[in-house]
Every structure is written in C-alpha cells, then in structure tokens.
Student: 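Here it is, the structure in full.
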Amino acid sequence: MKILVTGGTGYIGSHTTVELMQKGHEVVIVDALFNSRAEALDAIETITGKRPEFEQFDLTDNTKVDDFFSRHTDIKGVIHFAAHKAVGESVNEPLKYYRNNLVSLINILESMKKYKVGNIVFSSSCTVYGEPDADNLPISEKAPIKKAECPYGNTKQIAEEVLEDSVNAYKTLNVIALRYFNPVGAHESAQLGELPFGVPNNLMPYITQTGYGIRQCLKVFGNDYDTPDGTPIRDYIHVMDLAKAHVAAVERMANGKMKKQFEVFNVGTGKGYSVLEAIHSFEKASGKPLNYEIVGRRAGDIVKIWADPSFTNNELGWKAERSIDEMTKSAWEWEKAYRQGKTKFKVEE
Ligand code: UFG
C-alpha cells in the first residue's frame, strides 16, 4: 500500500516509516521540517535499504495540499503526525498551534474527500483525558474527555471532534485516532531516535543528554505528589511499539476490519512508572549514576496516568512488547551513537 506519512521526518513519524517500509508498504513523506531534520530520510534509508519519497511543504497551504493529492492518486491511506507539540509554547503562542494543527488537518480532509482517499490515522494523545479521577485508572477509551490543560491539548481534542463530525457527514471517510501515552526510546539500530531542537522539554531526551554530559543536571519537577515516591507517574511506551500500532491501524482500515467509521484506541503499555523509576532504569542502562536534583513542580503536570490498553490489545490485535529497561537502553544507545557521529545526523551543540 502507498501511505502518505505527514511529519514523517519527526520522531514518531520516522520510526513508523521504518516499520511501514519493512512491512512492504510504500511511503511518501510530507514534512515542512519545522521541528525535524532531512537527515531522517538518510537514516530511514540506512535501516530499510530504501529511501522514502519526500516532499517539503507546509500542510496549512491548501493549494499545495490539493496539488499533492492530485499528483498522488494511488495513495491508499494517510497517517497524520505533522503538528506542533510543545505544551509550554502552546500557552504562549496559542494561535500558532490552532492554525498549524487544525488548518493542516482540515486541508488534508478536504483533499481526501475530493480525491477519494478514505483512510486516515490521526496522532492523538492521552492529554485528552486530563488528570484522571483515581477510580478511572488505568484509563480506558470510555473515560470522559476533560477540558484541555493547554492549547496544544485542545488542538488534539478539537481535531478528534473535527474527525468525528467528518465521518458522520462523509460516508467515504474512515478514521482511527490513536491516543499515545509517553513515547520514548529509539530504533534498535541506534540510527534513529529522539532529537529535539535546543533544550529538551520531555523527560527522556533530557535524561540521555544529561547522561552524556550535554546537560549538567536533570531537574525533577516535584517529589511531593500523591504517588509512592512522590514523583508523577506516566505510561512510557517504546517508540517502535508505537510504530507497530500505526501499521496495525492502517492495515485494519485497508482490510475492512473497522467496526465503526471512527475508532479510538489507547496506545500504552498499561504500566505506570514514576520519574525516579525512569531515572533508575536509565542508570542501569548507562551503568552510572545520573546527576539530578529535585526542584519545584512544573505548572500543568498531570500527577498520574497510565493506559488500560485492553481494548486496543483485543480489537486492534496489537500489544506493547518492550519493557521500560529496553526503552531507556535504546534511548541511551541512540544518544551515544548520535553524539559520537555514528549516525547520518549532523552533531549539533
Ligand atoms: N519531567 C521532569 N524533568 C524534566 C522533564 C520532565 O521531572 O526535565 C517530568 C515531568 O514533570 C513529568 C514526566 O517527567 O512528570 C514526563 O514529562 P514529559 O514532558 O516527558 O511528558 P508529559 O507527560 O508531560 O507530556 C507528554 C507529551 C505531551 C502531552 C502530555 C500529556 O510530551 O505532548 O504527555 O499527554 F501533552
């Protein structure tokens, strides 16, 4: 199958592209390279032996999106990753987030309708659940959607509504929204991994960069929460397990296995780990203590959330396989390979 992967040079998009290509699918990537690097294409080629097709443009430009679909009439499905995703930035620049994340989705849906492309997998997030009530943990897809904590989270909620309204109106459209928990880790080749621009916002790249000495000290945002060790709990999921969930989703659509036109799946492991547990797992992987200090809480952080993945396991036929130790180990191997110049990515300060 030929699949359009938007945001395919980004962290999750590039790993998913590898998995799709290794399953025999043909991938065409569209990415504006706002928050990713073209070297991801070289890395994908190194791993798979094939280079995905690539076009660089901004999906908020409707003329370009239309032109793209008019030239690629053999596309059988879309996986839409391309979006801005920094929580803090979205608070300061909400319009940037609403424009980019929503206009691009609407443009894609309009072209899919016009050019009769039926299937789209959408990158959603467990952020739509907000802070779950204690009796809703582990959290299932049936849990209530709470008011979003930030504009970024709101774009994911609104996008799900746009998609649901669209399937109700357009009978040719099928949608699977995957609600990711916390993706971490890297491809086992260490040729591909998470590589944020500048100072990382997320825990795992901050940990690996501190482990390598790029950052002096990891700040742990609060140890006075209502959890066993006082630090927040997340459902960390290996990015390659997440990649496989996308392949399962596109194949479910293509094989006519959907039960409804709009389906939602949690993509998590079902296990929660605290920040300190994630740090200790990394220390095992690297074989040395990590320099960290406890500081004050970060505004807007959820205290604890982990998935009930049973619906996804049973219905999508997908299950996360890799442990937290495999996640931190692969993230560490990637960080070292990248810093030592052993990958296709240019080493940045
Ligand atoms: N953390 C630290 N120090 C850091 C970075 C993170 O202690 O330097 C802690 C956070 O306080 C949190 C945990 O590590 O307790 C995980 O934080 P991340 O930023 O890695 O992930 P979040 O769960 O906050 O955010 C993720 C995604 C968002 C999404 C959000 C809610 O990155 O896109 O989940 O679904 F919105």
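Treat the numbers as computed from the prediction; the structure is a model and nothing was measured. Both ligands and their constituent atoms are indexed starting at 1 by order of listing.
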Student: Any cation-pi pair here, Lys64 with Phe57, using under 6.0 Å and within 45°?
Tutor: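 Not satisfied by the 6.0 Å and 45° rule.
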Student: Looking at ligand 1, would Ser125 count as a contact under a 4.0 Å heavy-atom criterion?
Tutor: yes
Student: For ligand 1, does Lys219 get within less than 4.0 Å through its side chain, its backbone, both, or neither, judged by non-hydrogen atoms?
Tutor: backbone
Student: Considering heavy atoms of the protein only, find what lies nearest to atom 9 (C) of ligand 1 and give residue, atom and distance to 0.1 Å.
Tutor: Val275 CG2, 3.8 Å
Student: With respect to atom 27 (C) of ligand 1, which of Thr127, Val87, Asn202 exhibits the smallest heavy-atom separation?
Tutor: Asn202
Student: In plain terms, say whether Arg297 and Asp301 are close enough for a salt bridge, that is, a side-chain N and a carboxylate O under 4.0 Å apart.
Tutor: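 Between Asp301 and Arg297 there is no salt bridge, as every charged N stays at least 4.0 Å from the carboxylate O atoms.
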Student: Verify whether one side chain among Thr231 and Asp229 offers a donor that lies under 3.5 Å from an acceptor in the other.
Tutor: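 Looking only at side-chain atoms, Asp229 and Thr231 do form a donor-acceptor pair, the distance falling under 3.5 Å.
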Student: What's the separation between atom CD in Gln22 and atom OG1 in Thr17, rounded to the nearest 0.5 Å?
Tutor: 11.0 Å
Student: Which residue supplies the protein heavy atom nearest to atom 12 (C) of ligand 1, what is that atom called, and how far is it?
Tutor: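 Checked against all protein heavy atoms, atom 12 (C) of ligand 1 sits closest to Arg234 NH2, 3.7 Å.
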Student: Out of all atoms in ligand 1, which are within 4.0 Å of some heavy atom of Val220? Include the element for each.
Tutor: 7 (O)
Student: Is it true that Tyr236 lies under 4.0 Å from ligand 1, counting heavy atoms only?
Tutor: yes
Student: Counting only heavy atoms, which portion of Asp301 has something under 4.0 Å from ligand 1: side chain, backbone, both, or neither?
Tutor: side chain
Student: Should you measure from each heavy atom of Pro232, which atoms of ligand 1 turn up under 4.0 Å away?
Tutor: 15 (O)
Student: Considering non-hydrogen atoms only, spot the tightest contact between Pro183 and Ile12 and give its length.
Tutor: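 Nearest heavy atoms, Pro183 then Ile12: CG-CD1, 3.8 Å.
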Student: Kindly confirm or rule out an N or O of Arg298 lying under 3.5 angstrom from an N or O of ligand 1.
Tutor: yes
Student: Where's the contact between Leu218 and ligand 1, heavy-atom distance under 4.0 Å: side chain, backbone, both or neither?
Tutor: side chain
Student: Thinking salt bridges, do Lys304 and Glu131 make one under a 4.0 Å N-O criterion?
Tutor: no
Student: Below 4.0 angstrom from a heavy atom of Asn182, which ligand 1 atoms are there? Numbered from 1 as shown, please.
Tutor: 21 (O), 22 (P), 23 (O), 26 (C)
Student: Under 4.5 Å between side-chain heavy atoms, hopping through other hydrophobics if needed: is there a path connecting Phe181 to Val267?
Tutor: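 No; Val267 is not reachable from Phe181 via cluster members.
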Student: Is it true that Ile158 and Val128 fall in one hydrophobic cluster, defined by side-chain heavy atoms closer than 4.5 Å?
Tutor: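 No: no chain of side-chain contacts under 4.5 Å links Ile158 to Val128.
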Student: Using 4.0 Å as the upper bound for N to carboxylate O, is an ion pair formed by Glu263 and Arg252?
Tutor: yes
Student: So which protein heavy atom does atom 29 (C) of ligand 1 come closest to, and at what separation?
Tutor: Tyr152 CE2, 3.8 Å
Student: Decide whether Thr312 and Asn266 meet the rule of one side-chain donor and one side-chain acceptor closer than 3.5 Å.
Tutor: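 Result is no, nothing qualifies.
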Student: Where the closest heavy atom to atom 7 (O) of ligand 1 is concerned, which of Tyr273, Tyr225, Phe221 has it?
Tutor: Phe221
Student: With heavy atoms of Cys126 as the reference, note each atom of ligand 1 found under 4.0 Å away.
Tutor: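 Taking each heavy atom of Cys126 in turn, ligand 1 has 35 (O) under 4.0 Å.
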Student: Please check whether Leu203 reaches ligand 1 - meaning an N/O of the residue sits under 3.5 Å from an N/O of the ligand, judged on distance alone.
Tutor: yes
Student: Does only the side chain of Asn201 get under 4.0 Å from ligand 1, or the backbone, or both, or neither? Count heavy atoms.
Tutor: backbone
Student: Out of Met1, Lys50, Glu53, Met21, which residue meets the side chain to side chain contact (heavy atoms under 4.5 Å, CB included) rule with Glu26?
Tutor: Glu53
